[in-house]
Amino acid sequence: MTAAHLPIQRPRQAKLLVVDKRGHFRHWPRSRLVDLFHPGDLVIANNAATLPASLSGVHLRSGCVIEVRLAGRQSLAADGIRHSIAVIFGAGDFRIRTEDRQLPPKFKTGDQLALGPLRATVEGILSHPRLVQLVFDGSPNEIWEGLARHGRPIQYSHVRTPLALWDVWAPIAGPPVAFEPPSAGFALDWNTVGSLKEREVQFATITQAAGISSTGDPELDALLPFDEPYYIPPSTALAIRNAQARDGRVIAVGTTVVRTLEDAAALDGSVRPGEGVAELRLGRSSRLRVVNAILSGTHESGTSHHELLRAFVNDETLSRIDRQLALRDYRTHEFGDSVFLEHLEHDGSSLET
Amino acid sequence: MLYNSNVNSLNVFRGLRVAITGGTSGLGLALVRELLAREAQLAFVARGREGVEHIARKHPGTHGIVGDVSKKTDIHPIALQIVGLLGGLDVLINNASDLGPTPLALLADTDCEDLERTFATNVFGPFRLTKALLGALASSAREGRGAVVLNVSSDAAINPYPRWGAYGSSKAALHHLSRIWNEELAAQGIAFLSLDPGDMDTPLHAIAVPEADPATLKRPELAARELADAIGNLLAFMKSERKLQEAVR
């Protein structure tokens with residue numbers, strides 16, 4: 001697959017690979033997305049808006065230039081941003097591949113960072129020298145203003161022009177808690193959301209602080225995804241119960257929705273409303289208890305998002321999907337094409353058409 | 001015309017998350033005070049840092065945000081701070097306005113740049129800010145909290161007053177934008193109001209009509225109360241409609 005390098009959320013030429021529960025493959029334009037949904041289905045998206053989580057600055061003890069990428073938080077509360085987990089790079093920016101980024105200086109607890117108008121202190125070094133716990137100085141107003149004025153969306157080198165916040169906020173974006181965009185939601189414009197209701201398809205949202213997708217460091221990448229706090233509104237939990245009662249499908253828009261709902265249902269299979277922290281890592285051996293289908297971006301083998309798809313389809317089908325995506329020149333990453341996977345009915349072989 | 005309803009709106013605002021643009025003077029400041037008294041959680045936006053900090057200090061618990069809605073690049077930073085600080089958004093009041101060239105001029109004598117600036121503040125600013133906040137408002141509606149956008153209008157949006165061309169035409173555009181948005185987003189549970197607060201004793205009116213006798217003008221506090229009542233009545237009406245629908249289901 002080639003990387004989509006233009007920050008266009010719903011390009012006209014976008015492709016959609018559909019794999020139904022019997023393993024049949026279809027290649028559609030993404031404009032036909034709503035045709036996938038049936039009366040009684042429930043579509044659930046992550047409505048998290050994306051933070052400007054990339055902060056350039058200086059490590060004051062050494063004078064070294066750094067880039068801080070906020071990557072995780074413990075809660076969705078407005079003040080929850082004060083204490084953040086961060087991955088830190090040395091000098092440079094998104095134009096350099098993360099794999100090639102300079103290391104930051106060696107951190108010690110108590111180190112001060114000057115990040116534009118923001119000041120932060122290293123509270124602790126976590127399980128990797130580049131992974132730290134930060135605390136921001138100042139009032140919530142000062143922290144949010146500092147982020148708004150100085151922060152930029154986290155960006156990778158495949159997108160060549162600097163991203164603005166409007167590039168990474170999906171139309172449905174609400175609470176700014178995500179560190180990278182829950183980009184499967186880019187496929188949902190207001191016309192699509194409106195069309196769902198006309199087709200008697202319900203639409204609901206959860207809010208989940210989607211973490212970073214890559215660090216360029218194999219050791220750190222192996223730790224992804226970090227724990228992700230979430231909120232499930234009572235209206236969404238009720239909509240799930242109703243959909244299940246009428247045998248409608250629960251369709252997750254994006255991997256973060258799958259992770260959230262399955263985490264919330266881990267205890268007894270029912271999704272309770274309220275806050276939680278998604279710790280589940282979904283993959284081949286996971287049993288899906290809530291989600292019947294996923295609309296997702298196209299993901300490269302080896303990433304945690306790709307591994308999650310194994311919960312929906314068997315290895316053979318996933319290999320065929322990967323092959324089809326490559327053969328048909330699907331584009332990958334946040335502004336790329338989409339796949340729609342229904343949970344396979346059986347472990348039989350899939351059919352390519 | 002103000003929204004009329006007999007539904008009691010007492011305490012509808014308690015805990016509601018409200019954002020007001022142009023919140024440091026005139027009607028905007030009066031709205032800040034009125035809604036604070038009604039126990040709303042408030043964020044207000046204005047261009048001048050000094051004024052924002054002064055008003056925020058005088059009204060503890062409010063969140064002052066420095067930003068210019070006429071600038072495209074300020075919109076998402078403003079939206080980020082509003083939703084980040086309030087934890088969501090239930091009511092947006094697009095109040096910030098630009099009068100156009102002063103002294104007021106005939107349209108034929110209005111520079112294109114002045115017309116553009118007026119539209120940037122009165123039309124594109126509210127359009128962009130509302131668009132950036134639609135996701136938060138729709139979430140609020142889905143969660144049963146209600147979601148209302150009030151665009152502050154003017155009788156100049158309807159009546160073709162000579163020398164009010166830039167202001168009047170921009171307010172007419174905003175008024176129609178509100179009506180169309182109200183139709184398009186009703187299914188998402190987001191309601192739009194476009195209300196004329198009347199001729200008020202505000203700095204903007206003093207610039208427009210310096211010879212006007214302030215004693216003959218409406219107090220902004222009264223206009224703020226009327227607008228808050230209109231929003232409150234609409235929210236209460238939406239809530240009762242929702243309960244009715246749930247009962248039918």
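Throughout, protein chains are lettered first and strands after them, A, B, ... in sequence-line order, and every chain is numbered starting at 1.
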- Query: So does A:E145 pair up with B:R49, basic N to acidic O under 4.0 Å?
  - Reply: yes

- Answer yes or no: is there an ion pair linking A:E67 with A:R69, defined by an N-O contact shorter than 4.0 Å? yes

- Message: Can you tell me which portion of A:N141 sits under 4.5 Å from chain B's heavy atoms? Options are side chain, backbone, both or neither.
- Response: both

- Is the shortest distance from a Lys or Arg side-chain nitrogen in A:R149 or B:D74 to a carboxylate oxygen in the other one below 4.0 Å? no

- Item | Lys/Arg-Asp/Glu bridge criterion (N-O < 4.0 Å) met for A:D35, A:R199 | yes

- Go through the atoms of A:V193 and report whether side chain, backbone, both or neither lie under 4.5 Å from a heavy atom of chain B. both

- Note on the structure: The interface call for A:A173 against chain B, heavy-atom contacts under 4.5 Å, is backbone

- Message: Measuring centre to centre across the rings, with the benzene-like ring taken for any Trp, is A:F335 within less than 6.0 Å of A:F186?
- Response: yes

- Item | Under-4.0 Å salt bridge between B:R179 and B:E183 | no

- Message: Given heavy-atom pairs under 4.5 angstrom as the criterion, report whether the side chain, backbone, both or neither of B:A79 touches chain A.
- Response: both

- Between B:Q81, B:E184, B:K131, which has the largest tally of heavy atom pairs under 4.5 Å with chain A? B:Q81

- Measuring heavy-atom distances to chain B, does A:P171 have an atom under 4.5 Å in its side chain, in its backbone, in both, or in neither? backbone

- Note on the structure: Whatever's closer than 4.5 Å to a heavy atom in chain B on A:W166 counts as both

- Query: So what's closer than 4.5 Å to chain A heavy atoms on B:E143: side chain, backbone, both or neither?
  - Reply: both

